[in-house]
Novice: 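What follows is a structure written as structure tokens; I'll ask about it next.
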Amino acid sequence: MAESPQDDKLPDDIWAKFQDDSWARTSNAPKEPSARARMVTDRLRHEEASTPRPRKPRKPRPRYLRWQGGLRPWAIGTAALGGVVLLSWLAAQIPPHWIF
């Protein structure tokens, strides 16, 4: 039994309701950005990543706070080593008859 093309058609009111429902559902769909917009976005991201960020300028410390951090470890070690060398040299300069 062959169906005629007229049997496949939907009534106009059902077809109109289907179209209205379809358009209502797709109006909220997110829009895909254009190819140009994607290219511009990629270029801007690349430029942003390749340029270094400017450093925030350091505010100079007031003069009375400059040495607040204390001595550096290398300064303490150098002073201690110098003291040991000085004491060793002084001990070597003492005549032997003064010790006993």
Side-chain angles (χ1 to χ4, degrees):
M1 209 192 262
E3 295 182 17
S4 66
Q6 300 233 344
D7 292 340
D8 291 341
K9 288 190 175 186
L10 292 173
D12 288 339
D13 59 336
I14 295 176
W15 180 249
K17 185 176 182 328
F18 171 75
Q19 284 182 327
D20 291 341
D21 289 346
S22 297
W23 283 110
R25 277 188 254 133
T26 59
S27 65
N28 297 345
K31 297 195 186 241
E32 181 71 23
S34 66
R36 182 175 181 172
R38 286 193 302 266
M39 286 184 347
V40 169
T41 304
D42 289 342
R43 187 183 75 222
L44 290 175
R45 280 190 192 137
H46 179 68
E47 286 176 4
E48 183 179 300
S50 65
T51 57
R53 293 185 177 173
R55 292 181 63 184
K56 184 178 176 184
R58 273 184 45 183
K59 186 176 173 184
R61 285 180 152 190
R63 186 172 219 146
Y64 63 90
L65 291 177
R66 287 195 184 149
W67 294 102
Q68 186 178 9
L71 294 175
R72 304 275 188 248
W74 59 267
I76 295 171
T78 303
L81 181 62
V84 169
V85 169
L86 179 66
L87 287 176
S88 300
W89 181 78
L90 287 174
Q93 299 304 318
I94 298 176
H97 65 277
W98 284 9
I99 297 174
F100 298 108

Novice: How many angstroms lie between CG in Asp20 and CH2 in Trp15, if you round to the nearest 0.5 Å?
Specialist: 11.5 Å

Novice: Are there more than 12 heavy atoms of other residues, nucleotides or ligands under 6.0 Å from atom CD of Gln93?
Specialist: yes

Novice: Between the side chains of Arg38 and Asp42, is the shortest nitrogen-to-carboxylate-oxygen separation below 4.0 Å, so that they form an ion pair?
Specialist: no

Novice: Are any non-hydrogen side-chain atoms of Arg45 and Thr41 less than 4.5 angstrom apart?
Specialist: yes

